[in-house]
There are 2 protein chains.
Amino acid sequence: MQLTDRQKLILTLIIHEHIRTAQPVGSKTLVQKYTLEMSSATVRNEMAFLTDYELLRQPHTSAGRVPTEEGYRYFVGNLVQKSGLPTNTRRTITHQFYQSRQDIEQWLKLAASVLANQSQAASLVTAPHSEKAIFKHLELIATRGRQVLMVLVLMGGEIRQQFIALQEPVSQEQLSQIANRLTHLCSRCDIQQMSRLKGQLDALGQDILEILLAEMALTERSATGEIYLDGMTNVLSEPEFSESDEARQALHILEERSLLENLLASTVMNADVGGIQVLIGGEGTWEELRQCSVVLARYGDPNTLTGSIGVLGPIRMPYDRTISTVRFVANVLSDLVSETLAV
Amino acid sequence: MQLTDRQKLILTLIIHEHIRTAQPVGSKTLVQKYTLEMSSATVRNEMAFLTDYELLRQPHTSAGRVPTEEGYRYFVGNLVQKSGLPTNTRRTITHQFYQSRQDIEQWLKLAASVLANQSQAASLVTAPHSEKAIFKHLELIATRGRQVLMVLVLMGGEIRQQFIALQEPVSQEQLSQIANRLTHLCSRCDIQQMSRLKGQLDALGQDILEILLAEMALTERSATGEIYLDGMTNVLSEPEFSESDEARQALHILEERSLLENLLASTVMNADVGGIQVLIGGEGTWEELRQCSVVLARYGDPNTLTGSIGVLGPIRMPYDRTISTVRFVANVLSDLVSETLAV
DNA sequence: TTTTAGCACTCTCAAGCTGAGAGTGCTAAA
DNA sequence: TTTAGCACTCTCAGCTTGAGAGTGCTAAAA
């Protein structure tokens, strides 16, 4: 679809104005507000053209125009200027990461919070996760009686902890010995390699190895790491979600982990690190997202550890700014991950 | 305030009916629906009495009656029958805990999910937390270069992890040695006792001890453990939150961690384990909760590890059922905590 | 050929009105 | 003390109406 420069200008202005006001935009208003060098009639003709191409829509005969989802897609694909974030915003964000505790969990929470605040929408951040579970380190810590706390560290820094109940009480000394032995034996092994080591272990060691294997298999099976959400209440203040049923639908997809994993798995997980994906109005697939748009990105090291971040807001969303923010935060997280977690 | 049995009955029925329908309740409706052995005029007289005592309210002259917050308080304090949960519900819940992975995090998430589903409202669960940080176990795990992952286990099973950057690279062997030495030295020590041990350590050991102390101090300072939320979208379907601005206010207090910690600190943290606290309409203190009620309980071992659980819903909430559910889940968690985490 | 002024037309939305319905309080009788 | 009866009050959904905003079309101007 080829538009003239003037048509592109008018589409852009309508989208800008509509994002600002949440109202249909009329020809006269547009000429006045932006002091265009043409009459409203000319604008009307162009609007009619854009409406024919389904980039604009009229809510009713005598209302102004509203961008269609197709219109937003054209805008995001062709017209949005990749401005990048203003320098002082970048500085503020970097500063916050620099100031926070050196702890992935904190960073991820902070990332979610930054995204939510900057975009005034709901945000999600998944912990970096590797498709392949590689053993790194095991600790066994006696708590009381036969209850033992198992801490399993995977290559890449994912930590899994679990209580296990042994057949009979074992002292901390013994537990440490077993943990050491397993750590040495299994170092840098994947599930297959580890399951071949059973023969070299006594009964207790085998039991624990079983539990390790189960835990690692579970990690491999899950599509993402821990999920952090923030800013759910932000979207409630948007006028399109003033009837809370709409909001409920949209937020439900964030709250229901399985839905969210599905969404991520079929979109951003196939994308390259560094690329941005924009889902507008559910793209015909995601019924619950019909009223929303989602801006997603992947961060981390494509070959080992990756996670996703995203922003969920109304379709009427300031895409340029949101995309810049998501891209910037993804880069910051990528840097942090490669600095601290990489092998 | 002393009410006759009949007045109590009528108040109870009005509250039941209002909770069911979210509408003002009229005298005639009440007599019909509950086939009362008296005329609507009698009911009207009693209603007038209850209205004088500010237990009921008329939204306008010719509408039925609606319970006031005072009315709900009287109801919760005097009239709610402590039925306990039906046996099969209890079984279902217990079963879910029994089936889940043996892992506090899973249990807490499950508790939040159970509360949200059973009460069809928003729920919160805080991880068990001890006011006093007592050292139990330390692990140091080399990641790469000078980055080290520190895992600190406190008495009671709280786990804190953090990346630290050492002055110069140290091998995993050496790290394990240091961790072992510190674990032995500090075992069962509190912050004061630990800070006296500096003299017995080399430079690196002292650095790490400093970090440990900072981390433990941070833990002591924070009022609660990790917070798990669920069911935020449940409250969006209640008619009183159909204008999403109301919902926004209410949910915001859950999302903003500092607000929530404040709320917990000034209510449930002073209560006994086992007791239930019901906040109705913010009780004049919590502006954001004017439209909501919160049912809170504390679980765990009062002397060592405690956490809070709660349900946030509309004032028009099925208190009997919610209170039973909260009490039951608190007991389940208390049992789990004392079985697995206690010293 | 493109742009613009002018005009008739369309549709929404807020305001005002209205009657049905639900509920009340009061009074007098049971 | 309870109840039947009645006049009264208030809301709410449905309807009408006029102002306002915006459109498409046509014919003239550039």
Strand partner of D:dG22, provided both Watson-Crick or wobble distances fall under 3.5 Å: C:dC9
Check: B:Thr233 side chain, A:Arg248 main-chain N or O, donor-acceptor pair, under 3.5 Å: no
If you define the side chain from C-beta out and look only at heavy atoms, does anything of B:Leu124 sit under 4.5 Å from B:Ile309? no
Distance in Å, A:His18 NE2 paired with A:Ile315 CD1, rounded so as to fall on 0.5 Å steps: 9.0 Å
Can you tell me the Watson-Crick or wobble partner of C:dC17, both distances under 3.5 angstrom? D:dG14
Paired with D:dA27: which nucleotide, if any, by Watson-Crick or G-U wobble criteria at under 3.5 Å for both distances? C:dT4
Value in whole Å for how far the C1' atom of C:dT4 lies from CZ of A:Arg6: 12 Å
Taking side-chain contact (heavy atoms from CB on, under 4.5 Å) as the criterion, tell me which of A:Ile93, A:Leu115, A:Ile323 meets it with A:Phe328. A:Ile93
Looking at DNA chain D, which of residues 32-51 of chain A put a heavy atom within less than 4.0 Å of it? A:Arg44, A:Met47
Between B:Arg73 and B:Glu283, does at least one N-O distance fall below 4.0 Å, as a salt bridge requires? yes
Under 4.0 Å from a heavy atom of chain A: give me the 5'-most and 3'-most nucleotides of DNA chain D that qualify. D:dA21 to D:dG24
So, A:Glu246 and A:Arg290, do they make that salt bridge, N to O below 4.0 Å? no
If you pin A:Gly26 and B:Ser62 to their nearest nucleotides in DNA chain D, which one's is more 5'? B:Ser62
Determine the interplanar angle of the A:Tyr72 and A:Tyr319 rings, folded into 0 to 90°, and report it as parallel if under 30°, tilted if 30 to 60°, perpendicular if over 60°. tilted
Take A:His60 and A:Ser62 through the side-chain contact (heavy atoms from CB on, under 4.5 Å) test and state the conclusion after the steps. CA-CA 6 Å; A:His60 48 266; A:Ser62 79; 4.1 Å; yes
